[in-house]
Structure formats: structure tokens, C-alpha cells
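Please read the structure below before turning to the comments.
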4 protein chains.
Amino acid sequence: MLDAALRLCERDGYQQLTIKAIATEAGVGRQTVYRWWPDKAEILMEALVELAESLDLREPIDSGDTLSDVRALLSITYSLTQSITGQAIVGLMSDAQADPALSAKLQGKVIGPRRDALREILRRGVDRGEVSAAVSLDLVVDFAFGAMWYRLLSRHAPVNEELADKVADVVARLLAVEPSR
Amino acid sequence: MLDAALRLCERDGYQQLTIKAIATEAGVGRQTVYRWWPDKAEILMEALVELAESLDLREPIDSGDTLSDVRALLSITYSLTQSITGQAIVGLMSDAQADPALSAKLQGKVIGPRRDALREILRRGVDRGEVSAAVSLDLVVDFAFGAMWYRLLSRHAPVNEELADKVADVVARLLAVEPSR
Amino acid sequence: MLDAALRLCERDGYQQLTIKAIATEAGVGRQTVYRWWPDKAEILMEALVELAESLDLREPIDSGDTLSDVRALLSITYSLTQSITGQAIVGLMSDAQADPALSAKLQGKVIGPRRDALREILRRGVDRGEVSAAVSLDLVVDFAFGAMWYRLLSRHAPVNEELADKVADVVARLLAVEPSR
Amino acid sequence: MLDAALRLCERDGYQQLTIKAIATEAGVGRQTVYRWWPDKAEILMEALVELAESLDLREPIDSGDTLSDVRALLSITYSLTQSITGQAIVGLMSDAQADPALSAKLQGKVIGPRRDALREILRRGVDRGEVSAAVSLDLVVDFAFGAMWYRLLSRHAPVNEELADKVADVVARLLAVEPSR
DNA sequence: CAATAATCGAGACGGTACGTCTTGTCTTCCT
DNA sequence: AGGAAGACAAGACGTACCGTCTCGATTATTG
């Protein structure tokens with residue numbers, strides 16, 4: 001049923017996704033869908049969370065090397081958007097603009113945790129003296145995920161492993177501890 | 001009519017925006033809306049473009065100082081999202097995921113030109129030797145606009161003048177021509 | 001719902017009758033009307049047939065006396081037009097001019113059966129020698145129902161019991177078996 | 001323009017006839033139609049009256065022989081319905097059911113005059129002793145035109161010269177002056 | 001003979017019904 | 001008892017036509 005939702009969402013787009021279609025695709029009565037979720041946003045969110053959990057290694061990322069950690073986290077996150085979830089994520093974010101409850105849930109379950117994870121990695125790096133805090137860490141996080149969103153929305157370039165590498169390089173450059181002297 | 005569309009979109013959200021509501025708000029027949037635009041996406045896009053043109057200094061940004069130019073462009077662009085257009089832009093981008101025609105129009109009229117303008121500014125800076133090309137300019141552009149999109153979608157922080165300043169600073173840092181020698 | 005249709009049709013006229021109005025009057029969603037009938041003609045036809053069946057004694061008319069039978073059939077038929085159905089019948093017939101399917105249905109369910117019933121009554125009379133076939137029975141039938149239609153359309157005189165009596169008298173006169181000799 | 005109206009009405013039916021279509025067919029602006037007639041009923045009525053006047057010999061029918069006169073009047077009247085006017089007449093009559101003004105005009109210009117003409121012919125016959133008034137003349141008139149309307153609406157038989165002959169024969173039979181004595 | 005006026009085509013306007021679609025709620029009927 | 005099937009009221013969709021209202025262009029009329 002969650003699979004059906006994701007499948008149809010990617011095929012037809014978020015706006016065209018219909019509860020009726022999900023039910024039909026899943027070979028289920030419409031009422032049965034309503035029994036479990038109040039609307040299509042909740043369905044997709046649950047589907048996404050489930051998908052995310054199946055991909056993430058649930059063990060926290062902490063290899064000891066900050067840059068490796070950054071690269072790993074971004075790589076996992078970016079790859080999530082490559083499976084079949086682009087339409088769903090963007091659609092949900094769009095709906096969340098006018099729906100504080102949905103917005104809160106997305107923040108709490110999808111956006112926030114990843115943001116926190118990246119910041120925590122950087123924080124650890126600073127604490128260990130591996131990286132400087134010359135640039136606001138929050139801004140660095142904005143860059144790392146911002147590049148992803150911008151490409152997801154605009155689609156001028158893919159969101160893939162290569163991007164993760166490049167972003168990690170730039171982070172390294174930005175937060176290098178006093179390269180000279 | 002365009003005003004009515006933007007107003008309602010910001011008040012109720014993109015998804016809740018209805019052609020009927022636009023017509024009513026504008027004190028106009030429904031058919032009159034359909035006469036001029038095929039759907040609500042086109043209405044909002046025209047409204048946005050009009051709004052953008054009214055705010056942009058149409059003269060190209062070229063003060064001679066690359067960082068000033070970057071700061072100016074970002075400042076203008078960011079401020080656009082602060083007026084009444086956040087919901088509209090995000091909603092349009094979301095719809096564009098499943099609508100290549102809309103996607104192309106958005107790229108051509110809204111997204112692309114700004115991206116090109118920023119890259120051109122950086123390019124000029126490189127040519128003049130003001131800034132290095134140590135980091136891929138495309139990636140720098142992704143950062144500058146990505147931070148904006150990320151904050152627009154996630155709303156963990158405002159998209160304002162201060163952000164423009166900070167981003168410009170980071171760009172300066174990233175593209176500094178050999179600080180040491 | 002059928003009641004609502006007949007009520008509104010008589011009050012506002014066939015042309016002014018609207019599916020929307022029927023739905024509202026019946027306290028029902030518009031789609032519910034469309035679920036059961038394809039258009040207003042079918043609704044009214046079903047309403048008429050139902051009404052006709054509720055009024056007609058379904059037992060065939062056969063008292064043994066031809067003229068009594070004629071009078072009885074005409075009386076019942078004429079009275080149908082007096083209840084609330086004048087507008088509906090005429091409107092349907094008008095629409096049927098340009099709609100062969102509707103025309104066929106009206107013939108089959110409303111017009112034809114009554115025509116056949118009257119002709120059968122006369123036929124029986126001829127067979128029993130009660131009446132002559134001096135005048136084409138078809139033409140007599142045309143007169144009996146024609147007078148009704150003419151008055152319904154033109155409304156220069158009512159279509160009532162009295163008309164039934166008079167028409168029966170004329171039929172008697174026309175089909176009298178050799179008054180002289 | 002009147003021609004265009006009649007043409008389209010016969011082709012597509014009264015209900016499907018549209019002011020827009022008339023204007024287009026006549027190669028004229030829509031406003032120009034409205035300048036001359038308030039609605040399509042008036043257009044068609046004028047078209048019908050014009051057509052009727054072009055066909056009727058305007059000289060009154062009075063050959064001296066009542067039956068010939070009856071036959072002549074019916075023949076002319078019936079033939080009118082055979083040209084291109086069936087849809088129009090029936091549609092107008094239907095609309096007139098709910099529109100007293102239209103009803104009055106139709107009575108005054110189309111229905112009434114013919115009714116009066118036939119009654120006058122019969123009246124003359126009675127006065128001259130050619131025919132008896134054994135049966136209410138009004139009823140005879142109802143039969144003569146009623147048969148026409150019934151066939152026009154129901155279309156089980158044509159409305160033609162032959163019908164005129166037959167009706168005249170029956171009228172003769174009904175109003176015969178004492179055949180025996 | 002030029003200006004001025006009337007007339008017309010074209011078509012935009014605010015309305016409103018059409019017939020279709022989906023929503024979220026509610027039976028009903030089968031297993 | 002639980003679920004598929006689907007009816008229900010509601011309301012937006014995009015289309016068509018209504019009757020009113022400007023617009024220019026093209027004729028006529030007039031000074």
C-alpha cells in the first residue's frame with residue numbers, strides 16, 4: 001500500500017496522486033486506506049520514513065574522521081532522493097508550506113534528524129580540533145543540504161555520490177584548520 | 001487578477017488555491033481567468049515574473065567588485081522570496097516535477113536567468129583575477145541558491161539580507177586568490 | 001428525486017429545469033443524479049412512467065361496451081395530463097424531435113402503449129360488430145389523442161373528463177353501425 | 001438570418017439552436033442578432049410567420065364549397081409543417097408552456113388565426129346549410145389540427161396532403177346534413 | 001470632399017449550467 | 001468481524017452559452 005503510493009507518486013506526480021488510485025493500485029478498498037491515514041501526505045510520509053529507515057544504517061555515523069563522516073551522511077541522504085522519492089519529497093514539502101502540522105512532522109521525522117546529524121558530525125570535528133569553526137556550522141549545513149534541494153527542484157544536475165564528494169571537499173576547504181602556519 | 005492570485009496563494013497555500021477563488025477574489029468571471037491562462041500554474045508564474053521584474057533593477061549588476069555584485073544579486077533574489085511569493089514559488093516547483101512544460105518555463109524565466117547571472121558575475125571575477133576558480137563555480141552557485149531553497153522549504157531560518165551577507169562572505173573565503181604566498 | 005423533478009418542471013418549465021436544481025430541491029448531490037440518469041429527459045420520463053403506472057388501473061380496460069372502454073381510456077389518459085405533468089410531456093416531446101433515442105423510448109413507454117390500447121379497444125368493437133370500420137381506426141385514434149395534444153400545446157381549452165365524453169360521443173357517431181335501414 | 005435560424009433549427013433541433021450559432025451561420029456579429037430580437041424564440045417565430053405568409057395565398061379561402069375550403073386550408077397548413085419547420089414549431093410550443101408572453105404571441109400570430117379560419121369556414125357552411133352543426137364545431141377544429149399535432153410530435157405517420165383529404169372526408173361525414181330522411 | 005456619425009464584426013466580460021472528477025463519510029454485503 | 005465495493009453530499013474542474021459591454025473598421029451622411 002505504501003509501495004503503491006510511492007510508485008504512483010513517482011509515475012504521475014504528487015499532485016496527480018489520488019487516494020482512489022492508491023487503493024486501486026494496492027487492490028484495496030478506499031475506506032481501508034482512510035482507516036490508516038488521514039490523507040495522502042501522511043501516507044507518503046510514512047512511506048518515505050520507512051524507505052529511509054530501510055536504507056540508513058541505523059548505527060550512528062562516527063568513523064573518527066570528520067570528513068569521512070560528512071561524506072557518508074551526504075552520500076546516504078542524497079541516494080535516498082535518487083530512488084523513487086523525488087516527487088514525493090518535493091510535493092510534501094510544498095504542501096507543508098500551508099500545513100503547519102505536516103510541516104512539523106516532516107521536520108521531526110525527515111528534515112530535522114538529518115540536519116542534526118550533520119551538525120553533530122561537524123560539532124564533533126570542531127571539538128576534536130579536526131575542523132575549525134571559522135564559518136558558521138549552520139551555514140555549512142545549509143549549503144550541504146541546500147545544494148541537494150536546489151538540484152532536486154531545478155534538476156539542472158543530479159544529486160548523487162559525486163555531489164557528496166564535491167560537497168565534502170568544499171566543506172573541508174571551508175573548515176580547514178589554518179592551512180598556513 | 002495576478003495580485004489576487006498571489007494574495008490567495010500566500011494566504012491559503014498553493015494547493016488550496018483555486019481558479020474559482022481567484023476569479024471571485026478578483027471580482028471576475030471564471031471564464032475570464034481561463035481566457036488568459038490555461039491553469040493556475042501559468043497564472044502564478046506570470047504573477048511572479050511580473051513581480052520579479054518590478055523589483056529587479058533591470059540594469060545588469062556590475063559594480064566592478066565581484067563580491068559586491070554577488071551580495072547585490074543574492075540580496076535582490078532573496079528579498080523576492082520574502083514578499084508574498086514563498087508559497088507560490090515552492091508550489092510551482094513542486095508541480096513542475098511532473099510537468100515538463102511547466103518545468104521548462106520556470107527554468108527559462110525564473111530559475112535559469114538568476115543562475116546564469118550569478119555564474120556570470122563569478123566568471124567575470126575569475127577573468128579579472130579577483131577571485132580564483134579553485135572550486136567549481138557551478139557548485140558555488142548551487143550553494144548560494146541552495147541555501148535559499150533549503151531555508152524556504154524547511155523554514156528553519158529566514159532568507160534575508162543577513163543570509164546574503166553571510167553567503168557572500170563564504171563565497172569570498174572559498175574563492176580567495178591565494179591568501180598566502 | 002423524481003418528485004422533485006416533476007415539481008420543478010411544472011413550476012419553472014421544462015427548459016428552465018436544471019439538473020442542479022433537481023439535486024438541490026431533492027437535497028442531494030449533483031453527482032447522485034448523474035449516477036442514475038444520463039440527463040434530465042430520462043429523469044422526467046421515468047417520473048412520468050412511474051406516475052402513469054400509479055394512476056392507471058393496470059388491469060386492461062374491457063367492460064364489454066366499446067364506447068365505455070373508449071371513454072374510460074381517454075378519461076384516464078387525459079387526467080394524467082392534468083396532474084403536474086403537462087410541461088414535462090410537452091418538453092419531452094419537443095426534445096425528442098432531435099433525439100431519436102429519446103423519441104424511441106417515449107414511443108415505447110408512453111405514447112405507443114396508449115395508442116395501441118385505444119386501437120385494440122376499437123378493434124374489439126369492430127370484431128364484435130358493435131362499431132363499424134367505416135372510418136380508418138387509425139385516424140380515429142389520431143383524433144382522440146390529437147385533440148388532447150392540441151389542447152395541451154395551445155391551451156385554448158382544458159383536457160378533462162368533459163373532453164373524454166365529447167370525444168367518445170363523436171367516436172360513437174363516426175363508427176355507428178348503419179344508423180338507417 | 002431568419003433562414004439561418006430555421007436551417008440550423010431543423011438540422012440540430014430546437015434545444016441545440018444557439019444564438020451564437022445563428023450569428024455565425026449568418027456571418028453576422030452576435031450583437032446584431034440581439035439588436036433585432038430578444039431571444040431565439042422570437043427569431044424563430046418571425047421566421048415562421050414569414051414563411052407562413054410566403055406560402056399562404058393571402059386571399060381568404062372561400063370557394064363556395066365548404067369541404068373544398070376545409071381541404072384547402074388543411075392542405076396548406078399541413079404542408080407548412082413539412083417544409084423545414086417541424087422542429088421549430090414544436091420547440092416554440094414547448095417553450096411557450098412556461099412563457100405566457102411567447103404563448104400569447106404564438107396564439108395571436110400562428111395558432112389562433114388558423115383555428116379561426118377553419119372555424120369560420122365551418123360556420124359559413126352551417127349558415128349556408130351545407131353542413132350541420134350536429135357536432136360542436138370547436139371539437140371538429142380540435143380534431144383537424146389535433147391530428148396534425150399528434151403526428152408532428154409522435155411521428156407515427158406523416159402530415160401531408162393525404163391526411164388533409166382524409167380529415168376532410170371525416171369532417172364531411174360528421175357534419176353531413178341528415179343523410180337519410 | 002472631408003468630417004462625422006451610424007452600423008456592424010469581433011470578442012471580452014460576469015454569470016451560470018454542464019458533465020466529470022475526487023474528497024471524506026457512510027452503508028451494504030460477502031466471506 | 002473486517003474488508004471490497006460503492007453510494008452519498010460537497011465542491012472544483014474546464015467548456016459552452018447567455019446577454020451586456022466595449023472596440024475598431026467600414027460605410028453613409030452631412031456641412
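This one's a predicted model, so the numbers in the text were calculated from it and none came from an experiment.
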Task: Contact check, side chains of B:R30 and B:V33, non-hydrogen atoms, under 4.5 Å - done: no
Task: Gap between atom CG of C:L152 and atom CD of D:Q97 - 0.5 Å precision - done: 7.5 Å
Open item on the list: I want to check something: taking the side chain as every heavy atom from C-beta on, are C:L48 and C:L6 in contact at a cut-off of under 4.5 Å?
Closed with: yes
Open item on the list: If the condition is side-chain contact (heavy atoms from CB on, under 4.5 Å), which residues does C:V110 pass it with, not counting sequence neighbours?
Closed with: C:V49, C:L106
Open item on the list: I need the NZ-P distance between B:K40 and F:dA12, as an integer number of Å.
Closed with: 12 Å
Open item on the list: If the condition is side-chain contact (heavy atoms from CB on, under 4.5 Å), which residues does D:E42 pass it with, not counting sequence neighbours?
Closed with: D:W37, D:P38, D:D39, D:M45, D:K105
Open item on the list: If the condition is side-chain contact (heavy atoms from CB on, under 4.5 Å), which residues does D:S154 pass it with, not counting sequence neighbours?
Closed with: C:M93, C:Q107, C:I111, D:Y150, D:H156
Task: Inter-residue atom distance B:L80.CG - B:L51.CG, 0.5 Å rounding - done: 6.0 Å
Task: Stretch residues 11-20 of chain A: residues that reach within less than 4.0 Å of DNA chain E through a heavy atom - done: A:T18, A:I19, A:K20
Task: Inter-residue atom distance A:C9.SG - A:L92.CG, 0.5 Å rounding - done: 7.5 Å
Open item on the list: Reading DNA chain E in the 5' to 3' direction, which nucleotide is the first one with an atom under 4.0 Å from a heavy atom of chain C, and which is the last?
Closed with: E:dA17 to E:dC21
Task: Residue mapping more 5' on DNA chain F - nearest nucleotide basis, C:R30 or D:Y34 - done: C:R30
- [ ] With DNA chain E as reference, determine whether C:P38 or B:R35 sits nearer its 5' end, using the nearest nucleotide of each.
- [x] B:R35
Open item on the list: Please classify the nucleic acid contact of C:W36 as base, sugar-phosphate, or nothing, using heavy-atom distances under 4.0 Å.
Closed with: sugar-phosphate
TODO: First locate atom CD of B:Q15, then atom CG of B:D95, and finally report the distance between them rounded to the nearest 0.5 Å.
DONE: 6.5 Å
Task: CG on D:L17 to NZ on D:K40, rounded to 0.5 Å - done: 5.0 Å
Review item, nucleotides 21-29 of chain F N/O atoms under 3.5 Å of protein N/O:
residue	atom	partner	partner atom	Å
F:dC21	N4	D:Q31	OE1	2.3

